[in-house]
Amino acid sequence: MQLGVVGLGRMGQIVVDRVLAAGHDVVAFDVDEAAVAEAADVGAQPADSLSDLVEQLGDEKRIWLMVPAGEAIDAALSDLEPQLGEEAIVIDGGNSHFEASVRRSRETSAAYLDCGTSGGPAGAKLGFSLMIGGPEWAYEACVPVFDAVATGPDGHARMGPSGAGHYVKMVHNGIEYALMQAYGEGFELLANGRYDLDLESVAQTWNNGAVIRSWLLELCEEAFAEEGNDLGNVADYVAGGSTGTWTVEEALTQEVPVPLIYTALSERFGSRSDRFSRRLANRLRYGFGRHEVARTE
Ligand SMILES: NC(=O)C1=CN([C@@H]2O[C@H](COP(=O)(O)OP(=O)(O)OC[C@H]3O[C@@H](n4cnc5c(N)ncnc54)[C@H](O)[C@@H]3O)[C@@H](O)[C@H]2O)C=CC1
Ligand SMILES: O=C(CO)[C@H](O)[C@H](O)COP(=O)(O)O
């Protein structure tokens, strides 16, 4: 099978590597020429524009977009559109909002597969977990590529019609936020609690047979090993937040309680600036009880 891959960053390059390793052909394009050269070095056919990529694909146009979610997807689709048709298949493997994917599936003449991708760059060797939405025939036509990019046949599945793949991935990320928050709180208590603990050793022990073992916990173990027991100079600041926000917005729309995911998102936002609410609470305690005001200087 032949696959066009657009976007050759951290994730797209892994798609290229794994599809080539499975014996398929890849035509690769990125706005960054160095990324295209890197893909060519490992055996992909380089393309110097989106239209060159589509021309090189011939009649069977299967195109995997792995560009940042949002405008880059719309821009790529609008450039591709004149050369697409109902036989073509476009896969969006990024973290797009599911409603944007539904809109794009209606706007393009191609069959559109929204593909939630989990595993991150560190999952390159094992393969990813892929959650796919869109027309069944298009999913079936791309199974050889999904087998290659995922951990294997069990690492991907069609979740439902357009939008279902990115919907499932959105909720996956909400769960990711809550799990990270839970591990963070547990280790914070251990770090500040009654015993002088080696947190890497705690994480390692938990990762061997404990109920709460997981890949995220393995990453906790790695973080303590690499940064130290007190996490060294790692800042009290967490970036990102879009997929968690979407999850909470959807939960509000559906009137489904998601207090853990909401709290994790809130904590993330709270890490980005001085907490005005805590400063006000500090001052209010003086107001009602003449308790000493803690001041910065
Ligand atoms: N990094 C991660 O752990 C994960 C990322 N994702 C999603 O996968 C998508 C890609 O993420 P990364 O690979 O991490 O991003 P990245 O920033 O490493 O790579 C994006 C690539 O797309 C290229 N690009 C941007 N606009 C383009 C255009 N119009 N045409 C061609 N190439 C273009 C950039 O030059 C860059 O090489 C995003 O939607 C991200 O949210 C999903 C799961 C995990
Ligand atoms: O999808 C992912 C992991 O599953 C990506 O790493 C994503 O960027 C994480 O989301 P956020 O930036 O909101 O933390």
Side-chain angles (χ1 to χ4, degrees), residues 9-11 68-72 94-98 116-123 166 169-204 206-207 212-253 256-286 291-297:
R10 287 165 295 192
M11 299 294 282
E71 282 175 17
N95 271 329
S96 295
H97 193 287
F98 70 96
T117 305
S118 180
H166 281 150
K169 178 62 175 27
M170 174 188 77
V171 175
H172 160 288
N173 279 27
I175 294 169
E176 183 180 287
Y177 281 46
L179 289 175
M180 286 162 64
Q181 181 67 20
Y183 285 125
E185 289 181 13
F187 279 109
E188 184 164 344
L189 180 54
L190 292 180
N192 296 299
R194 291 173 187 251
Y195 296 92
D196 186 15
L197 294 163
D198 176 342
L199 299 183
E200 182 192 346
S201 167
V202 171
Q204 185 188 48
W206 283 349
N207 275 321
I212 58 170
R213 65 190 182 273
S214 71
W215 188 49
L216 281 173
L217 189 56
E218 286 170 26
L219 297 178
C220 293
E221 185 181 333
E222 179 186 285
F224 294 126
E226 292 178 2
E227 306 289 348
N229 213 45
D230 62 356
L231 291 180
N233 63 358
V234 176
D236 170 14
Y237 177 96
V238 193
S242 56
T243 53
T245 301
W246 300 341
T247 312
V248 170
E249 285 170 351
E250 173 63 2
L252 290 171
T253 303
V256 173
V258 290
L260 298 180
I261 297 173
Y262 175 71
T263 300
L265 178 66
S266 236
E267 282 289 320
R268 206 182 267 219
F269 291 157
S271 75
R272 296 178 193 172
S273 62
D274 260 7
R275 297 301 302 280
F276 197 85
S277 60
R278 290 204 289 244
R279 292 172 58 211
L280 183 57
N282 175 12
R283 182 61 180 72
L284 288 177
R285 287 187 73 253
Y286 173 79
H291 305 294
E292 192 179 346
V293 181
R295 298 196 180 269
T296 49
E297 44 185 64

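Excluded from the calculations below are hydrogen atoms, water molecules and symmetry mates; all remaining heavy atoms, backbone and side chain alike, are included. Starting from 1, each residue takes its place in the sequence as its number.
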Report summary line: Shortest non-hydrogen pair, G174 vs I261, comes out as O-CG1, 3.4 Å

Report task. Could you check if a side-chain atom of T253 sits within less than 4.5 angstrom of a side-chain atom of E250, using non-hydrogen atoms only? Result -> yes

Requested in this report: Locate the shortest heavy-atom distance separating N229 from L197; write the atom from each residue and the value.
Outcome: ND2-O, 2.8 Å

Query raised in the report: What do you reckon, is CG of D236 surrounded by more than 12 foreign heavy atoms closer than 6.0 Å?
Result: no

Requested in this report: Could you pull out the closest heavy-atom pair between P121 and R10, with the gap in Å?
Outcome: CG-CB, 3.9 Å

Query raised in the report: With sequence neighbours excluded, what pairs up with Y262 under the side chain to side chain donor-acceptor pair (under 3.5 Å) test?
Result: none

Requested in this report: Could you list the residues that satisfy side chain to side chain donor-acceptor pair (under 3.5 Å) with S214, not counting sequence neighbours?
Outcome: Y183

Report task. Could you pull out all residues at least two apart from E200 that satisfy side chain to side chain donor-acceptor pair (under 3.5 Å)? Result -> none

Query raised in the report: Hey, mind stepping through N173 and N95 against side-chain contact (heavy atoms from CB on, under 4.5 Å) and telling me if it holds?
Result: CA-CA 10 Å; N173 279 27; N95 271 329; 4.0 Å; yes

**Report entry** Heavy atoms of other groups near N192 CG, more than 12 under 6.0 Å
**Finding:** yes

Requested in this report: Considering non-hydrogen atoms only, spot the tightest contact between G116 and H166 and give its length.
Outcome: N-CD2, 3.8 Å

**Report entry** N/O donor-acceptor pair under 3.5 Å between S96 side chain and A69 backbone
**Finding:** no

Requested in this report: Starting at OG1 of T247, measure out to NZ of K169 and round the result to the nearest 0.5 Å.
Outcome: 9.5 Å

**Report entry** Chi angles and distances behind the side-chain contact (heavy atoms from CB on, under 4.5 Å) call for Y286, E292
**Finding:** CA-CA 6 Å; Y286 173 79; E292 192 179 346; over 6 Å; no

Query raised in the report: Taking all non-hydrogen atoms of both residues, which atom of G244 and which atom of Y177 are closest, and how far apart?
Result: N-OH, 3.2 Å

Report task. State the OH-CZ distance between Y237 and R268, to the nearest 0.5 angstrom. Result -> 10.5 Å

Report summary line: Between the CG atom in L252 and the CD atom in E249, the distance rounded to the nearest 0.5 Å is 8.0 Å

Report task. Look up atom CD in Q204 and atom CG in L217, then write down how far apart they are to the nearest 0.5 Å. Result -> 10.5 Å

Report summary line: Sorted by chain and residue number, the ring pair (Phe, Tyr, Trp, His ring centres under 6.0 Å) partners of F224 (sequence neighbours excluded) come out as F187

Report task. Taking all non-hydrogen atoms of both residues into account, name the closest pair between V258 and A251 and its distance. Result -> CG2-CB, 3.4 Å

Report task. State whether the side chain of R272 and the backbone N or O of V238 hold a donor-acceptor pair below 3.5 Å, judged by distance alone. Result -> yes

Report task. Could you check M180 against L216 for side-chain contact (heavy atoms from CB on, under 4.5 Å), going step by step and ending with a plain yes or no? Result -> CA-CA 7 Å; M180 286 162 64; L216 281 173; 4.2 Å; yes

Query raised in the report: How would you list, by chain and number, every residue that makes a side chain to side chain donor-acceptor pair (under 3.5 Å) with H172, sequence neighbours excluded?
Result: S118

Requested in this report: Using the test ring pair (Phe, Tyr, Trp, His ring centres under 6.0 Å), find all partners of F98 that sit at least two apart in sequence or belong to another chain.
Outcome: Y167

Report summary line: Distance col, row C220:SG vs W215:CH2, nearest 0.5 angstrom, shows 11.5 Å

Report task. First locate atom CG of N207, then atom CD1 of I212, and finally report the distance between them rounded to the nearest 0.5 Å. Result -> 8.5 Å

